[in-house]
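Structure, as structure tokens:
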Amino acid sequence: MLIDKEKCVGCGNCVPICTMGVISVVNGTSQVNQEECVECNTCYRTLRSEGRNPTFVRSVRWLLRQFRLAYDAPPDVCPTGALTPPKLTWPRTLRAEFSDPNVKHPSTGGGGRGTEEIKTNDVTGRVQEGKIGFAVELGRPGLGARFHDLQTVAMALAKAGVFFEPNNPVTHLMTDTKTGVLREEVLNEKVMSAIIECRADAAQVPEILAALRRVAGEVKSVISAAIAARCGPDGSVPYLDMVREAGFTLSLNGKTNIGLGRPRFEERQQAA
Amino acid sequence: MTNRLHRQGTHDGLSRDYVVFVTVARGINRKGSGPKSQRFLRLALDEGPVNIGVNGKNLITGGDPEQMLAGITDDSHPSAVFSNLEAVRRLVGKLKEEDLGLSVTISALTDEVDAILRSQGLVRHSIEHSLGILGRTERLPTQQVLELTSMCGHGCVSHNHARKMIDWTKLGKLTPRQAAKYLARPCSCGVFNIDRGEELLTKAMDMA
């Protein structure tokens, strides 16, 4: 994100809104640490431009200061519309693609961080019985991550024998899906978060979870990890014991695909 | 993909937090899905959601819900957030009855969702759980802040924004409801639960 210094009046509203905490007010105007900015556009989208004249706003603020008064603008405005999204070039474009949920990934054509995964599993059959899906999200919650950390984790998971989801945007950045190695030029790019999606046979779960725990100590950010599966005919969850035995605790909440998608995967298979 | 999964909180806090959304499978049932997604949101609106998300807009930024509904296309994947278990139960019943053919996912306490489905004669198809947070967890803010910010899974509600809203409610500059609405604004998927945000901010205020 860029800030128009001619327009910025240093109200500071963008400072707490910044998802990465990399905007600060210096000498009366806001500044963005470009190295750490992930181009999520949250500040631009959240703060409504009031379109006020900068000279007028500065004068009013100066006048108030003379009387030891201050004016707190509503927390959802940029009084002068100083925030300016820049035109990005590769590989910095990845920052917006992985950080702004409204920007689509050119590699997959989808928005957001990952794929449809189990949300359409009733239709796609992506994670079938006997298979377990994993979503390993680096940078979440709220810290951000660089692709060299993603590569470290992807390589560890590759060694554990996972199959990387082909339609996932991180997989698209891999030069070799057998090893999890990413393209060299993207490694230093920082994003709000990115998800490594993969699946494996249920028997591999202990090894994958052990690898995940080991590699978590090697990264500079946080990892929000998730596990997914096709439920049994009675709605049972196939990975409960495996997860417990590996020393992980499952969340109380989760995502449930309630099975209303049509045509069902099984029907499509039969038709084929 | 996991933007509605890793919501932090206690069993009690999460028991009034339900996100219901539809997803289309590209190349399979996306074409012609717009009217079905519209119907989903119509049914959801009838149950009084606390927030909705359509085409990058939420209840705070999107204006009139009817206009948001009208803007749904084949590329939309609308969501609705509820604080009321019975509203979700009724919505699931209607979705089953209408058989729209879109995949429906509910993000909430899994045991509650399982009970809702069984009461409607359904069995869950697939499930996803969080395995928690690993790595440099010492860099994370307090649980109080995380419970607020994790309601936007894309991370668009910053930790500092939550801290500011906690401070402003404690100072009496904003009511918890007003502050929760400000926090909901950056979450363009509309999955920030404004009622729960208000509840968490009221608790934070009481701790002052």
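Note that the coordinates shown come from a computational prediction; the quantities given were computed from them, not determined experimentally.
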Chain A contact via [X] - side chain, backbone, both or neither, heavy atoms under 4.5 Å:
{"X": "B:I106", "value": "both"}
{"X": "B:L122", "value": "side chain"}
{"X": "B:T149", "value": "neither"}
{"X": "B:L14", "value": "side chain"}
{"X": "B:D99", "value": "side chain"}
{"X": "B:H159", "value": "side chain"}
{"X": "B:V104", "value": "both"}
{"X": "B:A108", "value": "backbone"}
{"X": "B:V24", "value": "backbone"}
{"X": "B:L146", "value": "side chain"}

Heavy-atom distances under 4.5 Å only: say whether [X] touches chain B with side chain, backbone, both or neither.
{"X": "A:T42", "answer": "side chain"}
{"X": "A:P233", "answer": "backbone"}
{"X": "A:D122", "answer": "both"}
{"X": "A:T249", "answer": "backbone"}

* Considering residues, nucleotides and ligands other than B:K94, do more than 12 of their heavy atoms fall under 6.0 Å from its NZ? ->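 Correct, the count exceeds 12.
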Output the option from [options] having the highest count of non-hydrogen pairs under 4.5 Å with chain A.
{"options": "B:L131, B:T23, B:D75, B:V22", "answer": "B:L131"}
{"options": "B:V123, B:L109, B:L134", "answer": "B:L134"}
{"options": "B:R163, B:E112, B:K173, B:H161", "answer": "B:H161"}

* Strictly under 6.0 Å, is that where the ring centroids of B:F192 and B:Y182 end up? ->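 Ring centres of B:Y182 and B:F192 not closer than 6.0 Å.
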* Asked: Does NZ or CZ of B:K164 come closer than 6.0 Å to the centre of the six-membered ring of B:W168, within 45° of the ring's axis?
  ->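 Relative to the ring axis of B:W168, which defines the angle, B:K164 lies inside both limits.
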* cation_pi(A:R213, A:F248) dist<6.0 Å, angle<=45 ->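 Cation-pi check for A:R213 and A:F248: passes.
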* Hey, could you give me the CE/OG1 distance between B:M205 and B:T175, rounded to the nearest 0.5 Å? =>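 Nearest 0.5 Å value for the CE-OG1 distance: 8.5 Å.
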* Check step by step if side-chain hydrogen bond (donor to acceptor under 3.5 Å, both in side chains) holds for A:S99 and A:E39. => CA-CA 7 Å; A:S99 307; A:E39 307 291 359; over 6 Å; no
* Stepwise side-chain hydrogen bond (donor to acceptor under 3.5 Å, both in side chains) check, A:D100 with A:N41 -> CA-CA 6 Å; A:D100 182 344; A:N41 294 319; 3.0 Å; yes
